[in-house]
Amino acid sequence: MQYVVHRPRVGLFVDTQNLYHSARDLLERTVNFETVLKVATEDRELVHAISYTVERENEATARPFIFKLSALGYKVRRMNLTVHHVTDGGKAIYEGNWDMGIVADMVRLMDHLDVVVLGSGDGDFTDIVEVLQERGKRVEVIAFREHTAQKLIDAADRFTHLPDIEGGLMPARQKGGNSNKTEEKAEE
């Protein structure tokens, strides 16, 4: 008698700005999203990898980065930043938040996944992590420990500190060298 054993079906949901800003603020580096995808899907069947990005309207500097994510196999969901409010000094404060969109996609795909991998340290995701687990799903989180809510780490079946992943970060830029601002902006 033969047994058919399927590989676990995995979905990867990456809050791109969350990981980007953590890498930049903590280590002055950028995330290697190709490595994150490989680690999340290792020995598993990839159903969906979705990257959620925000950008300023009519600003083309993020396009190379978005194209690269698409080429790697991510479905890229984009949102324009909107003005949240203007400070007393006249500075516009922008907002772009994918939390509800990420949760909605997790719920939509839940019946087609065995494992959900979240690329974010945002504690707002703790409730959906618990809901997914109640439905029999394994939930893993890949993020930066320093910028991850303890309640999210506690809720996850597995937490991976992104800098611990070999090749999880792009090589550091040379300080004082010829900096390419367009490339840096595209990585946001």
Side-chain angles (χ1 to χ4, degrees), residues 7-27 29-55 69 72-82 84-85 93-166 168-169 187-188:
R7 295 184 308 164
R9 301 166 300 167
V10 65
L12 172 61
F13 303 85
V14 177
D15 182 344
T16 308
Q17 266 61 33
N18 181 281
L19 296 185
Y20 168 81
H21 288 288
S22 292
R24 183 194 67 188
D25 296 349
L26 292 169
L27 303 168
R29 305 274 293 275
T30 57
V31 174
N32 184 336
F33 289 94
E34 181 176 13
T35 300
V36 170
L37 180 61
K38 287 179 183 175
V39 167
T41 60
E42 191 172 17
D43 297 325
R44 304 188 265 210
E45 177 187 342
L46 177 63
V47 175
H48 277 288
I50 307 172
S51 174
Y52 303 84
T53 65
V54 294
E55 57 193 307
L69 287 171
L72 292 173
Y74 287 92
K75 174 183 177 181
V76 180
R77 298 211 41 212
R78 300 161 68 175
M79 173 188 298
N80 286 328
L81 288 170
T82 56
H84 182 260
H85 70 276
I93 304 299
Y94 291 92
E95 176 178 73
N97 188 324
W98 267 111
D99 291 2
M100 289 304 294
I102 294 170
V103 169
D105 284 346
M106 288 176 169
V107 170
R108 280 186 200 103
L109 293 168
M110 175 174 45
D111 293 338
H112 307 285
L113 303 173
D114 301 306
V115 180
V116 172
V117 180
L118 172 64
S120 178
D122 189 335
D124 291 343
F125 290 112
T126 304
D127 288 336
I128 190 61
V129 167
E130 292 170 350
V131 168
L132 291 165
Q133 291 168 330
E134 289 166 5
R135 305 297 190 284
K137 311 305 173 189
R138 176 178 173 82
V139 182
E140 301 174 359
V141 173
I142 298 174
F144 291 81
R145 174 67 187 97
E146 299 87 343
H147 286 182
T148 301
Q150 187 62 48
K151 65 182 183 176
L152 182 60
I153 293 171
D154 293 343
D157 291 301
R158 178 179 176 193
F159 174 79
T160 302
H161 180 50
L162 201 147
D164 289 345
I165 298 171
E166 185 175 339
L169 298 170
E187 291 176 350
E188 286 184 20

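All residue numbers in this chain count up from 1 along the given sequence. Quick note: numbers below take in every heavy atom, side chains included, and nothing from hydrogens, waters or symmetry partners.
- The shortest side-chain heavy-atom distance between R135 and E130 does not fall under the 4.5 Å cut-off.
- You'll find the side chain of I128 stays beyond 4.5 Å of the side chain of I102, heavy atoms only.
- Side chains of Y20 and V31 form no contact here, defined as non-hydrogen atoms less than 4.5 Å apart.
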Take D105 and R77 through the side-chain contact (heavy atoms from CB on, under 4.5 Å) test and state the conclusion after the steps. CA-CA 11 Å; D105 284 346; R77 298 211 41 212; 2.7 Å; yes
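- The shortest heavy-atom contact between V115 and P8 is CG2-CB, 4.1 Å.
- You'll find the side chain of L132 reaches within 4.5 Å of the side chain of M110, heavy atoms only.
- For D43 (side chain) and R7 (main-chain N/O), no donor-acceptor pair under 3.5 Å exists by modelled atom type.
- Salt bridge absent: K151 and D154 never bring a charged side-chain N and a carboxylate O closer than 4.0 Å.
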Step by step, work out the side chain to side chain donor-acceptor pair (under 3.5 Å) result for T16 and S51. CA-CA 6 Å; T16 308; S51 174; 2.5 Å; yes
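- A salt bridge links K38 and E34; the closest N-O separation between the charged side-chain nitrogens and carboxylate oxygens is under 4.0 Å.
- Nearest approach of R145 to H161, heavy atoms of both residues: N-ND1, 2.9 Å.
- Between the side chain of K75 and the backbone N or O of H48 there is no donor-acceptor pair closer than 3.5 Å.
- For the pair L169/T35, no side-chain contact is recorded, criterion being any heavy-atom separation below 4.5 Å from C-beta on.
- H112 and R108 make their closest contact through CD2-O, 4.1 Å (heavy atoms, listed as atom of the first residue, atom of the second, distance).
- Other residues, nucleotides and ligands place more than 12 heavy atoms under 6.0 Å from the CD atom of Q150.
- Here N32 contributes atom CG and L72 contributes atom CG; the two are 8.0 Å apart, rounded to the nearest 0.5 Å.
- For residues 113-126, every residue pair satisfying the salt bridge (Lys or Arg N to Asp or Glu O under 4.0 Å) rule, not counting sequence neighbours, is listed here: R9-D114.
- Taking every heavy atom of both residues into account, S120 and L152 meet most closely at O-CD2, 3.5 Å.
- In this structure, the separation between CE on M79 and CD on Q17 is 10.0 Å, given to the nearest 0.5 Å.
- Without hydrogens or angle criteria, D157 side chain to E140 main chain gives no donor-acceptor distance under 3.5 Å.
- Between W98 and I50, every side-chain heavy-atom pair lies at or beyond the 4.5 Å cut-off.
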Under the side-chain contact (heavy atoms from CB on, under 4.5 Å) rule, what do T41 and L12 come out as? Steps first, then yes or no, please. CA-CA 8 Å; T41 60; L12 172 61; 5.6 Å; no
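- Using a 4.5 Å cut-off on side-chain heavy atoms (C-beta onward), F125 and V141 make no contact.
- Atom CG of L162 sits about 6.5 Å away from atom CD1 of I142, to the nearest 0.5 Å.
- The two residues A143 and L19 come nearest to each other via the heavy atoms CA-CD2, 4.0 Å.
- Closest approach of Q133 and V139 over heavy atoms only: CG-CG2, 4.0 Å.
- With hydrogens and angles disregarded, no donor-acceptor distance shorter than 3.5 Å links the side chain of E146 to the backbone of L26.
- In this structure, the side chains of L37 and L46 come closer than 4.5 Å at one or more pairs of heavy atoms.
- Side chain of Y74 to backbone of V14: no donor-acceptor contact under 3.5 angstrom is found.
- The aromatic rings of F13 and Y52 sit parallel, their planes meeting at an angle under 30°, below the 60° perpendicular limit.
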